[in-house]
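Letters A, B, ... are given to chains in the order of the sequence lines, protein chains preceding strands, and every chain is numbered from 1.
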Number of protein chains: 2
Amino acid sequence: MATKSRSIGRETPRIGGTFVHFSVANEIGQRIVRGDYPPGTILPNEAEWSEMFGVGRSVVREAIKMLMAKNLLASRPKIGSWVEPRERWNLLDREVLTWYAASPERHTFLKTVQEFRYIIEPEAAALASQRRSESQMEAISKACHEMGTARTLSERTAADTRFHLAILRAAGNELLLPLGALIDSALEGLFVFVTREVNDIRHAQDLHEDIEKSIRLQRPDAARKAVRRLLANTDAVIARQGGGGRPAPGPG
Amino acid sequence: MATKSRSIGRETPRIGGTFVHFSVANEIGQRIVRGDYPPGTILPNEAEWSEMFGVGRSVVREAIKMLMAKNLLASRPKIGSWVEPRERWNLLDREVLTWYAASPERHTFLKTVQEFRYIIEPEAAALASQRRSESQMEAISKACHEMGTARTLSERTAADTRFHLAILRAAGNELLLPLGALIDSALEGLFVFVTREVNDIRHAQDLHEDIEKSIRLQRPDAARKAVRRLLANTDAVIARQGGGGRPAPGPG
DNA sequence: TTATCAGATTTATCAGACAATATATTGACG
DNA sequence: CGTCAATATATTGTCTGATAAATCTGATAA
């Protein structure tokens, strides 16, 4: 309370394109999602934020507008800004999801997302195997191959993401792609967990190749099942090691 | 062009909680989504918007921040604001979806959404039939019954929406609910299309009751199939009358 | 007890300034 | 004539201070 957190204002002049209102939105958003201000709470007023972060009031206002666009909060004159009920939050937003993934409820989040993937991804793969173009197939195969030959973990994860996105793109539904992108980006920070032992990696790679093959051969049912196997494997890996719900590792 | 559109500024003092920056965000967002400014286009600068709408620059900036939060545009000093490529748009946002539904590509939109519902809703119903609580079941049954006894079209539509949302809530996945809410709210304006003849309504009601029954009896497979039947019916109705892609009727 | 009105508080909006930054122009030099 | 560096310029980013509007609180009056 007493200590102004000062880490956002002009003292940190300008960190690589990170504009101040982004930082402020990020900070406030994260606090809301992780539960510092439960739904219904009246937030500190603009002047207080302004002083807390050492930024101008317009910056605070712009940040708040961004959070309003995500339905995290709303405001009215004389009342102030308050946290909206959870049901209204725009959970299907990359940043909100990222904040959620970094919150204490990380574990719940992971469970929810995995279940959600069971709904989306098998169907996406099935659609992809029916509608893929040649060039889309190429992209899928390429990403799959790069997963296999990746030297570092981050390389592999990146290829994995490309693989999933390529499938979603090939599925040819404009809503599916952003949804998948959302999930992937939200899981990004948690994927470091799910691949650790070499055996896991080999097995996962086989499962990915099954998917690739099914799509290549245009077999929707096989694709569906292959994706389900991959998800089940991911579940198992998570359960094996993530049970304790331990804190996330530092970024990087 | 020459005529400043003036319909947004202070001259229209304050229409029922509609703040000016919302109107501005709405106007600009709609223009972007309907293609007035294709991706990559540099938008008019803040001063121009400000003059165009007859509002202060801060209002324009706050509106732009809201659109940035939806990834419709981005901006940098000296460049200005530009429309982001479509793939980056936050299509899974209620307002963006609404704008899309009102755009000339309405027909594409409807097709995409319907296909998407085939992915989401059957699984949601299946989950709901496994996990519903008694009180959730009550809500589902109540909404279904109210659909049957509704006197006006808008009453029926409202009950229909409640029905779908109740199922999604009962499915017990935190991501499913907003997704469904999104779809329903996006379709709201288009649902006036899909129910016109009395026979259609009777048939649709039967299909809804099949879903309700399957969930009540906790039969996931039956629920899945019942939802698919309902969707197929909706498809058929749309195809029968929406083929021409004619303009939407006025609001109300 | 209830209805009405004044005051206080907070956001909404406006206006004007300076800073930061990336493009475009211009000039110097080989 | 071509290449590179310095400068000019346009635009957003940010700050500051002021006024308007809205609504909650409490006081006052019927």
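Distances shown here put a side-chain N or O of A:R76 below 4.0 Å from the OP1 or OP2 atom of D:dT23. Note on A:S75: a side-chain N or O is less than 4.0 Å away from OP1 or OP2 of C:dA12. In this structure, B:K78 does not reach the D:dG13 phosphate: none of its side-chain N or O atoms is under 4.0 Å from OP1 or OP2. When the side-chain nitrogen and oxygen atoms of A:R61 are compared with OP1 and OP2 of C:dT11, none of them lie within a distance under 4.0 Å.
For A:G29 against A:L72, the heavy-atom pair with the smallest separation is CA-CD1, 4.2 Å.
For the pair B:M66 CE and C:dT13 C1', the interatomic distance rounds to 15 Å; values are reported in whole Å. Atom CD of B:E62 and atom C1' of D:dG13 are 14 Å apart (whole Å). Rounded to whole Å, atom P of C:dA20 lies 19 Å from atom CZ of A:F22. To the nearest angstrom, C1' of D:dT12 lies 15 Å from CH2 of B:W49.
Looking at which nucleotide of DNA chain C each of A:R57 and A:I79 is closest to, the 5′-most match is held by A:I79.
Here C:dC14 sits opposite D:dG17 as a Watson-Crick or G-U wobble pair (both hydrogen-bonding atom distances under 3.5 Å).
In this structure, the nucleotide among D:dT11, C:dT11, C:dC14 sitting nearest to the side chain of A:N45 is C:dT11. In the set C:dC14, C:dA12, C:dT21, the nucleotide with an atom closest to the side chain of B:V59 is C:dC14.
Look at B:E138 and B:K142 and you find no salt bridge, because none of the NZ, NE, NH1 or NH2 atoms lies under 4.0 Å from a carboxylate O. A salt bridge links A:R86 and B:E174; the closest N-O separation between the charged side-chain nitrogens and carboxylate oxygens is under 4.0 Å.
Taking the ring centre of A:F163 as origin, the terminal cationic atom of A:R169 falls outside the region bounded by 6.0 Å and 45° from the ring axis.
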